[in-house]
Amino acid sequence: MTTADDAAYEFRTAGPEDAGALKALDASFTTSTVFHVETTENGFVLRESPVEPPLTKVFPKEDPDDCDRNDARGAADENSRVLLARGADGSLAGFVSASYAPWNRRLAIEDIEVAPEHRGRGVGRALMRRAEEFARERGAGHIWLEVTNVNVPAVRAYQRMGFALCGLDTSLYDSTASAGEYALYMSKPCTPKDGQPPSPARRQTEPRGSGAR
């Protein structure tokens with residue numbers, strides 16, 4: 001399979017001039033299976049089940065979070081970064097938006113999208129790898145993300161990248177167009193390239209009573 005490293009992709013930090021293309025990127029996906037969530041008193045179980053016909057998920061264009069995720073603020077905020085990939089023809093192939101929280105040394109993947117015509121070429125993995133480099137730069141202890149239970153292709157891709165399930169929210173989408181879906185949380189450790197824990201100097205704290213969490 002062709003990988004992003006083999007193809008002519010340009011990876012860089014997004015700027016204000018990229019905002020329009022970021023918001024216009026087609027993030028829809030189609031899946032022939034979904035995860036049904038069975039909650040128990042002390043946990044939950046995911047059961048992958050086929051859906052017929054296959055489910056196509058289209059995200060609302062007017063999602064109010066889009067303005068926050070895709071405004072290329074990474075250029076101005078040292079704890080946020082929007083990284084993008086452009087193909088040889090200059091078209092936007094994908095992007096990843098990430099933010100670092102010093103209080104718990106978490107890098108959150110706020111959004112990662114790959115244009116349909118560039119999927120299966122390693123673009124998503126290459127973007128995540130660059131997000132991990134940013135995480136190490138900030139001194140993150142782990143990387144965290146949220147994904148809907150119906151996006152089985154994304155869950156499988158994240159698992160191949162080393163992410164594991166770490167939580168569930170059954171009500172996150174209740175008042176949205178995605179009502180009925182559940183939020184799955186996944187995380188992976190962020191180990192510096194030298195294998196040593198991040199320097200304590202990187203660790204910053206916030207008052208326990210703050211609303212940062």
Side-chain angles (χ1 to χ4, degrees), residues 1 3-4 21-40 43-70 81-85 92-99 106-132 135 142-188 190:
M1 181 176 67
T3 68
L22 294 174
K23 293 176 183 178
L25 189 69
D26 180 7
S28 64
F29 65 88
T30 299
T31 179
S32 59
T33 63
V34 299
F35 285 119
H36 287 291
V37 180
E38 299 178 7
T39 58
T40 66
F44 65 96
V45 176
L46 299 183
R47 299 194 187 281
E48 187 173 354
S49 302
V51 287
E52 185 59 42
L55 169 70
T56 296
K57 170 85 173 182
V58 178
F59 294 92
K61 287 295 183 183
E62 296 301 319
D63 186 342
D65 287 339
D66 284 347
C67 293
D68 293 330
R69 288 194 299 253
N70 304 335
R81 192 68 55 85
V82 180
L83 303 163
L84 59 78
L92 181 64
F95 73 91
V96 59
S97 173
S99 63
R106 166 183 285 179
L107 185 91
I109 302 298
E110 297 178 341
D111 202 358
I112 181 167
E113 299 180 10
V114 176
E117 62 271 24
H118 292 279
R119 292 174 189 171
R121 302 181 182 180
V123 175
R125 181 180 290 274
L127 285 167
M128 189 68 79
R129 187 166 61 248
R130 284 159 174 81
E132 292 179 14
H142 66 282
I143 302 171
W144 176 96
L145 58 81
E146 168 227 325
V147 60
T148 171
N149 66 295
V150 303
N151 197 348
V152 173
V155 172
R156 295 303 189 202
Y158 297 144
Q159 289 175 327
R160 290 193 295 271
M161 295 178 199
F163 286 85
L165 288 167
C166 65
L168 168 74
D169 189 333
T170 61
S171 62
L172 184 65
Y173 309 134
D174 279 357
S175 298
T176 75
S178 298
E181 299 176 18
Y182 293 163
L184 304 178
Y185 298 130
M186 306 182 75
S187 68
K188 66 178 292 185
C190 181

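What's counted below: heavy atoms across the whole structure, side chains too, no hydrogens, waters or symmetry copies.
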State, to 0.1 Å, how close [X] and [Y] come at their nearest heavy-atom pair, and which atoms those are.
| X | Y | value |
| --- | --- | --- |
| F29 | R119 | CA-NH1, 4.0 Å |
| F35 | N149 | O-ND2, 2.7 Å |
| E132 | C190 | O-SG, 4.3 Å |
| T30 | P153 | O-CG, 4.2 Å |
| T148 | V155 | O-CG2, 4.5 Å |
| E113 | L127 | O-CD1, 4.3 Å |

(request) Applying side chain to side chain contact (heavy atoms under 4.5 Å, CB included), run through L168 and T39 and close with a yes or a no. (result) CA-CA 9 Å; L168 168 74; T39 58; 3.9 Å; yes
Where the side chain of [X] meets the backbone of [Y], is there a donor-acceptor pair that is under 3.5 Å apart?
| X | Y | value |
| --- | --- | --- |
| R81 | A131 | no |
| D111 | S97 | no |
| K57 | N151 | no |

(request) For side chain to side chain contact (heavy atoms under 4.5 Å, CB included), just list the numbers for V96 and R130, CA-CA rounded to whole Å, side-chain angles, deciding distance to a tenth of an Å, and then say yes or no. (result) CA-CA 9 Å; V96 59; R130 284 159 174 81; 5.9 Å; no
(message) Any donor-acceptor pair under 3.5 Å linking the side-chain atoms of S171 with those of D169?
(response)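 D169 vs S171: donor-acceptor pair found between side chains.
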Inter-residue atom distance [X].[atom1] - [Y].[atom2], 0.5 Å rounding:
| X | Y | atom1 | atom2 | result |
| --- | --- | --- | --- | --- |
| K188 | M161 | NZ | CE | 8.5 Å |
| L145 | C166 | CG | SG | 8.0 Å |
| T33 | E52 | OG1 | CD | 12.0 Å |
| S49 | H36 | OG | NE2 | 4.0 Å |

